[in-house]
Amino acid sequence: MELNGNWKLQFFDVGAERDLEIASPEYIDYFWMRAQVPGEVHSTLLKHRLIEDPFYGHNDLKCRWVEEKVWWYRTTFEWKDKFEKSERLELIFEGLDTYATVYLNGVELGSTENMFISHTFDVTRELRKGKNVLAVKFDPIDFKVKDKTQYYWSGFSKQRIWTRKAQSHFGWDWGPRLVSAGIWKNVLLQKRKCGKIDSVFAHTLEVSEDQAIVKVEIDTCLWNKNISYYVDVKLVNGEDVITTTTGIINGKAQVNLTIQNPKLWWTHDLGEPNLYNLHVTLLADSQIVDKQTEQVGIRTTEVKLINDRGQHCFTFVLNGVEIFAKGSNWIPIDSFIASTPDERYVHLIKMAKVANMNMLRVWGGGIYEKDIFYKECNQQGILVWQDFMFACALYPDYNKNFMDNVQKEIVSVVKRLRNHPCLSIWCGNNENDWLYEALYSSGEITDPFYGEKIYHELMPELLEELDPTRLYWPSSPYGGNDHNSREQGDTHNWQVWHGNIEPRTFGEPQQVDYSVEGVSFKKFKQDTTAFASEFGMHASSNLFTLKSNIPEDQFYWGSEELAYRNKDVHHPKGILLMEGYTGIPENLDQYLKFSMLTQAEGLKFGIEHYRRNKSQTSGALIWQLNDCWPGTSWSLIDYYQLPKASYHYARKFFSPILYTLDYHPSGVIDLWGINDQLEEWQDELTFIVSDFYGKTYFSQKYPITINSNSTTKVASFNEKDILQGLDPTCAVIVIRGKSNQVEDNFYYFRDQKDIQLPKPNLQVHINKEEQSLTFTSKALTRMVTIEMEIEQLILEDNFFDLLPGEEKTIQIKQLENKKLPWETLSVSTYNDL
Ligand code: BMA
């Protein structure tokens with residue numbers, strides 16, 4: 001039975017009321033506000049207009065008071081069910097954020113202090129026939145941690161380290177401080193007969209040509225010694241059904257299922273993400289006692305750390321195939337995660353897939369994601385890199401209570417997530433090992449490495465027992481002499497944007513170079529990492545997103561409100577990056593286009609480099625896919641789920657087949673073909689150099705064959721030879737495949753700021769009935785930008801370049817098929833600036 005209904009909410013000052021009075025069934029909550037459960041207090045307050053939209057202007061500051069209050073939830077429910085003596089009743093809170101005390105009918109059941117896990121209370125004796133009153137009190141975080149040590153290193157906020165709650169709620173360099181509280185997941189009441197399934201673990205033992213073996217381990221809690229228990233296990237995929245029954249010894253059961261002609265789980269770019277449903281039923285004397293269904297996939301996965309040449313590598317291997325991981329980092333989908341509808345998750349993950357991503361990293365400063373996230377990744381064939389939720393700080397691993405809490409969390413999270421076929425690695429934390437060592441070396445930290453015991457003792461020990469099937473990696477980045485070393489393990493390239501001087505080795509201080517060259521994306525070219533798990537650049541959100549959240553009188557470049565959207569401390573970094581590529585913007589229009597183009601071209605530059613270096617580099621995960629609020633950040637997709645230019649570029653630079661240019665400073669240009677598919681690839685390439693009015697100066701065709709999962713250098717040119725006297729600031733290169741299955745790739749001979757674009761000449765034909773736009777132009781058009789004032793607009797392509805004389809038609813729709821506001825349509829280009 002679900003207990004999500006009828007909840008009411010009220011706040012009090014700390015110590016103002018007696019807890020038992022408010023928890024009492026007799027307490028009159030008539031004047032309390034109705035609350036949404038699952039949800040958080042902020043979203044309820046917003047609904048009742050008791051706070052202003054926290055995302056608008058500086059409103060986040062205006063609702064700071066929310067985190068200082070004690071919040072009480074109350075609900076009543078009827079219990080009519082028949083109930084036998086042998087039965088137990090369990091009250092389950094799947095998520096309480098965070099310091100909660102639970103009362104049923106005035107009786108205190110217990111307190112919780114971990115947002116990430118579910119909490120179960122035995123209420124067999126406290127539950128009444130008829131009306132019941134359930135109350136939950138949330139104490140303010142500050143009240144709980146104010147007397148705890150808070151002096152040592154902890155990025156963005158000192159308060160957060162003691163509290164097992166999304167660390168980014170306390171503010172991060174891409175999001176405001178909005179410390180939520182509330183019942184953020186389902187509340188359930190469950191009748192237990194004489195036992196229950198505690199956990200199920202299904203994993204593929206082996207896969208051969210026509211057969212697979214899946215091992216299923218089941219843990220149970222049984223409380224009647226006089227009954228004989230057993231479990232039924234059923235694996236189903238359409239017509240294929242495999243069943244077996246087994247007994248239970250010491251609470252545990254285990255079976256090996258043999259599947260003939262298994263349908264393997266693949267990432268979407270390599271095959272079908274086939275899934276099976278695993279039904280586990282616990283029976284006692286032929287009566288069903290409990291059931292659990294898990295979505296599982298048959299697949300093997302490993303991370304190779306040494307390659308066939310005996311060198312360090314970091315390569316994900318799926319069903320025996322080495323893959324290049326293409327994707328991005330995932331941060332919490334919203335500052336208010338609880339009230340975010342599942343559809344937003346579905347759409348965002350679909351967008352990642354459309355952009356040819358095959359991996360998302362659930363970053364360690366947010367949450368272990370909601371079930372919908374993993375289900376969608378299973379279904380859409382996207383691998384997940386899973387961090388544990390520790391980020392950019394020291395954590396009090398010397399404190400027993402804290403460690404007990406962390407231990408419970410790890411056990412519970414691993415049991416919850418380990419069956420998902422998408423999950424491919426466990427990672428201990430985000431940047432703690434690397435930053436600790438670097439900051440210690442530069443004298444900024446003098447404390448011991450608090451937290452070390454979590455990632456280097458507790459986690460590996462627990463995972464060995466709970467999930468030995470996946471690589472446990474202590475941190476990201478990790479490995480080598482400097483945890484961010486390019487020789488070993490994964491790396492975060494924060495040379496670009498943050499200006500870190502690399503490489504460094506253990507013991508050296510981390511130095512930064514804040515200059516145009518120091519932060520430039522051209523630095524990617526020196527990066528020979530085995531796996532780039534973070535790197536990126538800022539870009540503005542879309543105009544509509546910003547306009548909707550910035551007061552009108554502040555809606556200009558250089559305004560305080562616009563700057564407030566950017567939570568990264570050192571604002572000039574973005575300016576330096578643009579200065580190097582587009583020039584410094586002088587107005588909002590320019591800022592939008594300059595920052596978006598710099599981000600898109602910068603990521604393209606880096607990722608095409610990583611992909612060409614496939615024999616050494618096996619992954620490129622962009623920092624960051626999404627935003628939790630309408631700010632300006634590294635994201636590819638803004639808070640209104642409107643893509644930035646980089647998103648559409650990603651679809652092209654992550655394409656399984658890629659034709660790419662390696663531009664050497666000497667003027668030599670190499671043409672490469674990359675094939676990430678499992679079959680050999682054949683095509684005919686045309687390489688054209690032309691001016692901006694369509695006159696060709698150089699053109700060459702190349703029949704190509706690229707072996708499966710490999711790269712090939714197709715040709716090499718000299719800039720001078722292919723320009724044939726043409727001014728490099730007025731020239732474009734287009735690489736086009738005859739197969740028509742690979743999108744054209746455009747290159748310019750110089751940085752954008754030095755290019756002399758022709759006057760705009762774009763013709764647009766609008767077909768409202770067919771919801772399409774057709775573009776033509778007599779001159780090269782850079783960055784055709786289509787905008788409309790609506791969220792979740794879906795465009796086949798946007799921010800693209802159009803060659804003179806060519807025609808391009810773009811389909812346009814809204815995700816939920818809402819009526820398009822044609823009157824707000826705007827088409828602009830870089831040539832207009
Ligand atoms: C890395 C991430 C985040 C951060 C990002 C941008 O440090 O792990 O903590 O938001 O870079 O600075």
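One-based numbering, in listed order, for ligands and for the atoms of each.
Listed by number with element, the atoms of ligand 1 under 4.0 Å from a non-hydrogen atom of W174 are 10 (O). Those atoms of ligand 1 that come under 4.0 Å of a heavy atom in W494, given as number and element, are 1 (C), 5 (C), 6 (C), 11 (O). Heavy-atom proximity to W634, at under 4.0 Å, picks out these atoms of ligand 1: 6 (C), 12 (O). Atoms of ligand 1 found under 4.0 Å from any heavy atom of H498 (numbered from 1 in listed order, with element): 6 (C), 12 (O).
Residue E534 has at least one N or O atom closer than 3.5 Å to an N or O atom of ligand 1. For R361, no nitrogen or oxygen atom sits less than 3.5 Å from a nitrogen or oxygen atom of ligand 1, counting backbone and side chain alike.
In the model, Q554 has no side-chain atom that pairs as donor or acceptor with a side-chain atom of Y564 under 3.5 Å.
Closest to atom 9 (O) of ligand 1 among all protein heavy atoms lies W172 NE1, 2.9 Å. The nearest protein atom to atom 4 (C) of ligand 1, hydrogens excluded, is given as D173 OD1, 3.5 Å; this is a heavy-atom distance. Nearest protein heavy-atom contact of atom 7 (O) of ligand 1 is E431 OE1, 2.6 Å.
Distance check, rounded to the nearest 0.5 Å: CH2 of W473 to CG of N429 gives 12.5 Å. The structure places CE of M459 at 8.5 Å from SG of C427, a figure rounded to the nearest 0.5 Å. Note that OG1 of T598 and CE of M537 are 8.5 Å apart. Values are rounded to the nearest 0.5 Å.
Classification of E409 and R164 as a salt-bridged pair holds, one side-chain N sitting under 4.0 Å from a carboxylate O. With respect to R361 and D387, a salt bridge is recorded, a charged nitrogen being found less than 4.0 Å from a carboxylate O.
Taking 4.0 Å as the cut-off, C392 counts as a neighbour of ligand 1 on heavy-atom distance. Residue W497 places every heavy atom at 4.0 Å or more from ligand 1.
In terms of heavy-atom proximity, S595 sits nearest to S540 at OG-N, 3.0 Å.
At a heavy-atom distance under 4.0 Å, no atom of H492 approaches ligand 1.
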Let's go through Y581 and F594 carefully: what are the C-alpha distance in whole Å and the side-chain angles of both, what is the deciding distance for side chain to side chain contact (heavy atoms under 4.5 Å, CB included) to 0.1 Å, and is it a yes or a no?
CA-CA 8 Å; Y581 186 66; F594 285 11; over 6 Å; no

